Number of protein chains: 2
Amino acid sequence: MPTFKRPKRATILDLAAFTGVSRGTISRAFNNQAGINPQTRDKILKAARKIGYQPHNGARMMKLSRKGRWGLLLPHLRNPYYSELVEALNRVARSRHTTLLLGLSLEENESLAMIEQWTAGETDGLIMDQSYYRQNPAFFDQLREQGQPMVFLHGKPIPGFDFVGYELYGSFFRNMKTLAALGHRRIAYVGQAFEGCRSTGRYTAYSAFHVQNKWPLQEELVFFGEDGHVGGLKAWGHFVTLPEPPTAVVCGDDIIACGLIQGIRSHGMEIPGHVSVSGVDDIAEAERLGLTTIHTDRDETSRAIMDILERRIADPTLPPQVSIITSSLILRDSEGAPRTEALIRGARD
Amino acid sequence: MPTFKRPKRATILDLAAFTGVSRGTISRAFNNQAGINPQTRDKILKAARKIGYQPHNGARMMKLSRKGRWGLLLPHLRNPYYSELVEALNRVARSRHTTLLLGLSLEENESLAMIEQWTAGETDGLIMDQSYYRQNPAFFDQLREQGQPMVFLHGKPIPGFDFVGYELYGSFFRNMKTLAALGHRRIAYVGQAFEGCRSTGRYTAYSAFHVQNKWPLQEELVFFGEDGHVGGLKAWGHFVTLPEPPTAVVCGDDIIACGLIQGIRSHGMEIPGHVSVSGVDDIAEAERLGLTTIHTDRDETSRAIMDILERRIADPTLPPQVSIITSSLILRDSEGAPRTEALIRGARD
DNA sequence: TTGTAGGCGTTATCAA
DNA sequence: TTGATAACGCCTACAA
C-alpha cells in the first residue's frame, strides 16, 4: 500500500547539519566555484545525493541576475514547423545549460500577462514570433526601453529589435522558375492573410517573377486565407470554381500546402498530374507527401537566436542584431508538367 | 537609436514607496485577500501598472507551497499527438490558473536531472509519459515515497501510481471486425517495439480477434519497429517482400500509419486500392490523409489529468487514481475491399 | 483595515 | 579553504 506524505525537500541547512559544513561551502560546491577543497566538494555532493538535497530554484533566482531561462512564445503547435522549432531550440538551449519556458497563445491578454510574469525575474529574455509585436508595438517598445532582452522571429526585421528570420525570396523565385520551365503559365499563390502579407519574401518573389516575365498578375489566382491547413483547403475550393483553374499552386507554408493537397485530392484530382504544389518550411509531413518545399534549418535558426541573446546579455548596449538564415529549395515529386485542359474537365465531371 | 539598460524591475519596496502604503497591504492587494479596502486595492494595482511592478515569482515560490506549476515530460514533439496533447493540457492548465513546464527528452540522465530540478520547489507535481517509469522504476518509487504528486500517461496503469490512459481494445477490435467484413483475411500489425509491446490494448485486440475467428496468427505479418513514421516506412519495406503481402495493415499509431502510407505509395500502390491502412490517435495529418483511425480526446485526457493531480494535492493520502478515457473508431477512406492478387503483382512489376 | 517584522533557501562579501 | 552574515523579494502572523 503506497504511502503519501507532504513533499518536504531537504534544504541547504539540512545538508549543512548533515555534513557539518557551512552553507557557504555547500553553495560553492554546487556552483563548482574556485577555492574549494575537491574532497569536501565530493563529500558534499555525495551527501546531497544521499539525503536528496537539490538547490531550490526559486531561492537562487532571487539572488542571481542570470536566470538561465528563456521565455519562448509561440501562437500554437498545430503547425509542425513550430513543434520542430521548439525541439531544436530546446536542444540548443540545453547544450548551453539553459532552459526554455514555452508559452502557447494567440490571445493578446494571455500572452502579455505571460510576458509580464516571465520578465519579472523568471527569464533572461524573450523569444517570440513576430506576430506578437504587431499586436501591440507600444508594449514591446516599452519592454525594450526597460532593457529586456528579446528576439523576434520570422517575417521582416523590426527596426530597433534583435531579429532572426529566413531569406526566402531567392528560393521562392527559383521555384517559380522551375515551374515556368515545366511549362506552367497559370501559377496561383496561397498565403496566410495578415497585415503586410503582400510584402513577405514569398509573395514579393511571386509577383516579381510575374513582372520579370511580363505575365499579368491575376488577382483570382492570389488567395490570402486563414492560418493552417484550412487555408489551403479553402483555397482550392476557390480555385476549382474558376473557369480556368491554376495548373500550379505555390503556398506560403507547408501546412497550407497540405490542406491544399487534401482539397485537390478530395476533388478527385492528382498531384502533380492535375496540379503542381509547393510549400515552405520542409516539415516532416512534406517529406512524407513528397512535397516540393523550401527548407529552413531549425538548428541553425536556434543557434542564431541563442547567439544573439547571449551577446545581448553580455553587452546590453549592442546595436540591434539581425540574423538572416538562408534557405534551400527541395525538389520532390509534387511538381510536374502542367495538365492538358481536357484532363481537368474530365476530373471535374 | 534604441537604448539598452540593465533590466531592473520594480520591487514591492518601490511600490510601497510610490504608493505610501506598506508591503503587507500590497501583498494583500495582489493576492486579493479579504480584509483590504477595495479603494486602496485599486490604487495599488493601478500604481503597480504605472511603475511596472509585478510580483517576483521566485520570491513567492519560496513562501508558497502551491506553485501553480506542473512539470510535463514528453519524449519529443515529432509525433503530433504529443504536440496536440501539449496544446490541450496548456489550455486546461490555463483555465485553472496554472502553468505547464515542458521538458523534452528521452535521455535518462537529462530527464532525471530535469525532474530533480522541478521537484525542488518549482512544480506542484509531474505529468509524464509512461516510458519514463520503465526507464527507472526505483527512482519514481522513491519520488512517490517522498509524496511527490505525479501522474503517468498512456499504456497500462502502473500499480501504486496515479494514471491516465486510453481504452483502445474495444475500438481496435471493432476496426478488425470492419476489415474482416470488407473481406480482408491477411491483416498485418505494425507497432513500436518496446518491452511489453505485445500486451498493449491494440495488440491484444489484434491477436484476440485472430483467436476468436480461428485465424492463425502469422509472425511475418506482425512488425514491431522503431518509433515514428520511419517504423511504418520500414514495415512496408518488409511486408512487400513477402510472397503474399497483407491486404490490410493496422498500425499502433497514426504516425506509423503515415510512414506506412508513404512506403506504400513509394512502391506505386494505392490506398485503399492495394492496401487498407488504419492508425490510432486521430492526429491532424490523419484527417488530411483520409486515414481511418481511433480518436482519443486530448481535452478530456487533459481534464482527467488535472483533476487527478488536484485531488492528489488536496488529499495526499488518497489511494492511486486511475482514469481510463474511452476512444472511438473514425472510419475514413483508407479502408476498402481487399485487392485481387493480380492487382498487386501488376503494381510490383 | 493597515503596518511591522520574521523567515523562506539561496548566494556573495567579508573575515578568519 | 572555510565560516558567518547580509541581502534578495515576498508572504503572513501579529500587533496596532
Side-chain angles (χ1 to χ4, degrees), chain A residues 6-45 47-48 51-69 116-124, chain B residues 6-45 47-48 51-69 116-124:
Chain A
R6 281 291 294 284
K8 179 63 191 152
R9 309 270 312 188
T11 76
I12 200 170
L13 281 175
D14 298 323
L15 188 56
F18 185 78
T19 56
V21 98
S22 82
R23 311 178 266 164
T25 310
I26 293 178
S27 174
R28 283 185 280 265
F30 267 89
N31 305 299
N32 50 356
Q33 300 181 323
I36 180 176
N37 188 326
Q39 293 195 342
T40 45
R41 210 188 77 100
D42 270 17
K43 189 183 71 180
I44 290 172
L45 261 28
I51 70 169
Y53 166 76
Q54 183 83 7
H56 188 295
N57 229 310
R60 32 194 347 247
M61 285 211 208
M62 277 184 56
K63 296 294 301 181
L64 272 31
S65 52
R66 274 295 282 271
K67 318 293 179 189
R69 269 182 195 201
E116 287 186 326
Q117 278 255 346
W118 285 351
T119 54
E122 286 211 75
T123 56
D124 292 323
Chain B
R6 279 290 296 286
K8 180 62 191 154
R9 307 273 311 188
T11 77
I12 200 169
L13 282 176
D14 298 323
L15 190 56
F18 185 78
T19 56
V21 98
S22 81
R23 316 177 266 161
T25 310
I26 293 177
S27 174
R28 281 185 280 265
F30 266 88
N31 305 301
N32 51 355
Q33 299 181 324
I36 181 176
N37 188 326
Q39 294 194 341
T40 46
R41 209 187 78 100
D42 270 18
K43 188 183 70 179
I44 291 172
L45 259 30
I51 70 167
Y53 167 75
Q54 183 83 7
H56 187 295
N57 229 310
R60 33 195 346 247
M61 283 209 201
M62 282 186 55
K63 300 293 300 181
L64 273 30
S65 54
R66 275 295 281 272
K67 318 292 179 189
R69 275 185 189 200
E116 287 186 327
Q117 276 256 346
W118 286 351
T119 54
E122 285 211 76
T123 57
D124 292 324

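None of the values given here were measured: they were computed from a predicted structure. Below, chain A is the first sequence line, B the second, and so on; all start at residue 1.
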Contact check, side chains of A:R69 and A:M61, non-hydrogen atoms, under 4.5 Å
yes

Can you tell me how far the CG atom of A:L15 sits from the CD1 atom of A:I51, to the nearest 0.5 Å?
4.5 Å

Would you say B:D14's side chain and B:T11's backbone share a donor-acceptor pair under 3.5 angstrom?
yes

Integer-rounded Å distance: D:dG3 C1' and A:I44 CD1
12 Å

When you measure from the side-chain N and O atoms of A:T40 to the phosphate of D:dT2, is any distance below 4.0 Å, counting only OP1 and OP2?
yes

Rounded to whole angstroms, how far apart are CG on A:N37 and P on D:dG3?
11 Å

Is A:R9 close to A:Q54 at the side-chain level, that is, under 4.5 Å between some pair of heavy atoms?
yes

Does B:Q117 reach the side chain of B:E122, with side-chain heavy atoms less than 4.5 Å apart?
yes

Rounded to whole angstrom units, what separation is found between the CD atom of B:Q117 and the P atom of C:dG9?
17 Å

Side chains of B:N32 and B:R41, heavy atoms from C-beta outward: is any pair under 4.5 Å?
yes

Bend angle of the helix from C:dT1-D:dA16 to C:dA16-D:dT1, end axes from five pairs each (to 10°)
40°

Do B:D124 and B:K67 come within less than 4.5 Å of each other through their side chains, counting heavy atoms only?
yes

Scan nucleotides 8-16 of chain D nucleotide by nucleotide, 5' to 3', and note B when protein non-hydrogen atoms come under 4.0 Å of the base, S if they reach only the sugar-phosphate, - if neither.
BBBBBB---

Any non-hydrogen side-chain atom of B:T25 less than 4.5 Å from a side-chain atom of B:R28?
yes

Starting at atom CG of A:N32, determine the distance to atom C1' of D:dT2, rounded to an integer number of angstrom.
17 Å

